[in-house]
Amino acid sequence: MHPPNRSCKIEPNNHTPHRCNHVPMRMCVICRQRFPKSEIIRYTCPQNDKQELCPDPTGKRSGRGFYVCTSSECMKKFKKFRGWQKKCRGEHYDN
Ligand SMILES: [Zn+2]
């Protein structure tokens, strides 16, 4: 018998949003901590041939998003973060 009160199961590698959490949380790609969407900066894949992520202050741009928190440490490391390159391949590129 399992206890009936299974509340919020948080799985660190689960990218789907948790419905049970009323504040949308996003994970910083550097420190891997979760922050409310309003306190984290969203970047999207490069929209043109620029080899940099585009900041997305409105959070409304479609496509894959990368989030970095506002700690100076993470902002600094994010400049060297290249993990998006593989993930962005094939997105937003018109050949
Ligand atoms: Zn961070």
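Counting starts at 1 for both ligands and their atoms, following the listed order. Quick note: numbers below take in every heavy atom, side chains included, and nothing from hydrogens, waters or symmetry partners.
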- Any protein N, O or S atom under 2.8 Å from the Zn ion (ligand 1)? Found Cys28 SG, Cys31 SG, Cys69 SG, Cys74 SG
- Item | Gap separating the CZ atom of Arg42 from the CZ atom of Arg26, nearest 0.5 angstrom | 8.0 Å
- Task: Using the rule that two of Ile, Leu, Val, Met, Phe, Trp, Tyr join whenever any of their side-chain heavy atoms come within less than 4.5 Å, decide whether Leu53 and Val68 are in one cluster.
- Result: yes
Below 3.5 Å, can you tabulate the donor-acceptor pairs from side chains in residues 71-79 to any protein atom, sequence neighbours excluded?
residue	atom	partner	partner atom	Å
Ser71	OG	Cys74	N	3.2

- Message: I need the Gln85 CD to Cys45 SG distance, nearest 0.5 Å.
- Response: 10.5 Å
- Item | Nearest-0.5 Å distance, CD1 of residue Ile30 to CZ of residue Phe66 | 11.0 Å
- Query: Are any non-hydrogen side-chain atoms of Cys28 and Tyr67 less than 4.5 angstrom apart?
  - Reply: no
